[in-house]
Amino acid sequence: MFKYILRRTLMIIPVMFGVSIIVFSIMLLTPGDPARLMLGERAPEAQLEAIRERLGLNEPPHIQYVNWVSGVAQLDFGRSIRSNRPVINEIQQRLPATIELAVLATLLAVAIGIPVGVLSAMRPNSAGDNVATVTTFTMLAIPVFWQGLMMMIIFSVWLGWLPATGRGQSWQYYILPVVTLGTSAIASIARMTRSTMMETIKLDYVRTARSKGLSGMRVVYGHALRNALLPVVTIIGLQFGSLLSGAVITETIFSWPGIGSLAVDSMRAKDFPVVQGVVLVFAFAYAIVNLLVDIAYGFLDPRLATRYS
Amino acid sequence: MATTTIEKQSRFQAFWNGKTFVRLRRNPRFIWGTIVLGIIILSAVFAPQLSPYDPVRQNLVERLQGPSAEHLLGTDQFGRDLLSRILYGGRVSLQVGFLSVALALASGGLLGLLAGYFGGWLDSVIMAVSDVLLALPAFLLALAIVAALGPGITNVMIAVGISNVPIFARIVRSAVMSVREMDFVSAAMAAGSRHGRVMFRHIIPNSIGPIIVQVTLSLAGAILSAAGLSFLGMGAQPPTPEWGAMLNSAQQFYRVSHWVVTWPGIAIVVTVLALNLLGDGLRDAFDPRSD
């Protein structure tokens, strides 16, 4: 097991290395002179040259990359063009709000998605199952940004129950963003749980458990669900990717002060050091979550781990 | 080994003999998806004939009006007819969806074909690159590319296309690998067929099922991503009628008039839902195990 975890962890390094090359080259290909972006269109050539020299923009691309990536390895992402503060400080300040949102949305998705999937699988093609199928299909088709706006119209403009934007102290501020972000994850988890439960219920050991006279609930939750959860764990990991994408939009709509809205604001302002930093943080978070999923998988299904040792 | 080959081959023949089509005909998801998508495509194609008004003509006297006999879906903040804008918007959204998926299919498909067919170091390199691209969630990758290329509908197409390349590379690669070892392929090679001929005559037709399914599902995803990028102001620019861009400009008015937000969103939901149903129906038909 240790070997498996180690190998899987080390696999992050080449991937993050590749991601850093992509992020760096995307920004390198961007038209426009960073020095001019910082100092404005009418800055004198001497000042522009000075700043290019100071930031190493006159170096050939591969030297620039090495300088940049060795900074990144020490958590130095450069300085924001807009605020002139270190990018890492901007990210640190806004990361907690995003983590909060992502964790709450995941919990919501698991808390609703798994029971809905289990109930659907227990009575396939019943009225309840059909309602669940239609609902989850629709939920997967709803764009995050539209859902956010509609929920603001319904719950804050019409009903006046919840605040529309911002991240205040009370729990009311959390409801709309968390539900908006969690909706598609609820649907994916419910659908995955349903299909794996359907497969598992047919298996021999579930039939054995039933024939031993165990109650339906006991069989479902004690025997079948545990095994059906394996693919569900994977889906939760994969969902995390769309959750991060969704967070970018959700935070923008609800003026939620996380790194997603920071990324969009920085893109609009062409503040590329911040954009690079946030994209790297997102990629790293996604890699870590998938690592945890794979490790959890190793524990849940020991056959997988033995293949690596 | 022999039995699986026969099974696979008869599955291919079943496709042409119509068993797959029979399954499709009986699949309500496929039927509903096709009907709804057909209506959407027709209304986009015939938008100039169907639209009661010019989608970009402003009429500030009639701004932000609710649905009425003159304007069935109401008007936006510039007094433009929402129904006309949504019909024309379908052209933009479908076009972006189709072209970006076509880009992803052509380049990702070719990479996957080369990787799966030749294997070896080529396979390793292509898969390593696709791993790296997959390490970024697709929408974020597209967002970063658009941020670099600059806003605009063409750049959105390129960005969404690129973010889908690794998905197609993987699907095509695994489809190719599953048929590459089959007897009819070995037979074709033994008979002296060239690589290109084996790939395009024997391997591609036999791995078409999963690819078609992925094309449909990717179309849904591409339309959602493109609308999302336009919503963030990175895609279609005013006054182009595009569903996501319409929502972006409607954002400031959601308190006064909900319909400027409601209709473009419903258009996206219905389109994506139709494509997802279609894709799901196709998957069931191509993969009999899921019955």
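Throughout, a chain's letter reflects where its sequence line sits, starting with A, and its residues are numbered from 1. Heavy atoms only: backbone and side chains are in, while hydrogens, waters and symmetry mates are out.
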Enquirer: Provide the closest heavy-atom pair for Gly228(B) versus Ile249(A) in the form atom of the first, atom of the second, distance.
Expert: CA-CD1, 4.4 Å
Enquirer: So for Phe240(A), is it side chain, backbone, both, or neither that comes closer than 4.5 Å to the heavy atoms of chain B?
Expert: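 The answer is neither part of Phe240(A).
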Enquirer: Can you tell me which portion of Ile22(A) sits under 4.5 Å from chain B's heavy atoms? Options are side chain, backbone, both or neither.
Expert: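 Only the side chain of Ile22(A) comes within 4.5 Å of chain B.
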Enquirer: With a 4.5 angstrom heavy-atom cut-off, which part of Ala220(B) approaches chain A: side chain, backbone, both or neither?
Expert: neither
Enquirer: Go through chain B and chain A and list any donor-acceptor pairs closer than 3.5 Å, backbone and side chains both.
Expert:
unit_1: Leu232(B); atom_1: O; unit_2: Arg268(A); atom_2: NE; d: 3.4
unit_1: Leu232(B); atom_1: O; unit_2: Arg268(A); atom_2: NH2; d: 2.9
unit_1: Val261(B); atom_1: O; unit_2: Trp146(A); atom_2: NE1; d: 2.9
unit_1: Thr262(B); atom_1: O; unit_2: Trp146(A); atom_2: NE1; d: 3.4

Enquirer: With a 4.5 angstrom heavy-atom cut-off, which part of Leu134(B) approaches chain A: side chain, backbone, both or neither?
Expert: backbone
Enquirer: Counting only heavy atoms closer than 4.5 Å, note whether Ile223(B) contacts chain A via side chain, backbone, both or neither.
Expert: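 Contact with chain A: none, neither part.
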Enquirer: How would you list, by chain and number, every residue that makes a ring-ring contact (aromatic ring centres under 6.0 Å, His included) with Phe145(A), sequence neighbours excluded?
Expert: Phe231(B)
Enquirer: Say you draw a straight line from CG of Leu224(B) to CG of Leu140(A); how long is it, rounded to the nearest 0.5 Å?
Expert: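 Answer for the CG-CG pair, Leu224(B) versus Leu140(A), is 9.5 Å.
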Enquirer: Can you tell which part of Ala283(A) gets under 4.5 Å to a heavy atom of chain B, answering side chain, backbone, both or neither?
Expert: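 The answer is both parts of Ala283(A).
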Enquirer: Evaluate the side-chain proximity of Val248(A) to Leu140(B): yes if any heavy-atom separation is below 4.5 Å, no if none is.
Expert: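 Yes. Closest side-chain heavy atoms under 4.5 Å.
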Enquirer: Measuring from Met150(A):CE to Ile266(B):CD1, what's the distance to the nearest 0.5 Å?
Expert: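 So the CE of Met150(A) and the CD1 of Ile266(B) are separated by 6.5 Å.
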Enquirer: Of all the heavy-atom pairs spanning Gly18(A) and Val132(B), show the shortest one and how long it is.
Expert: C-CG1, 3.3 Å
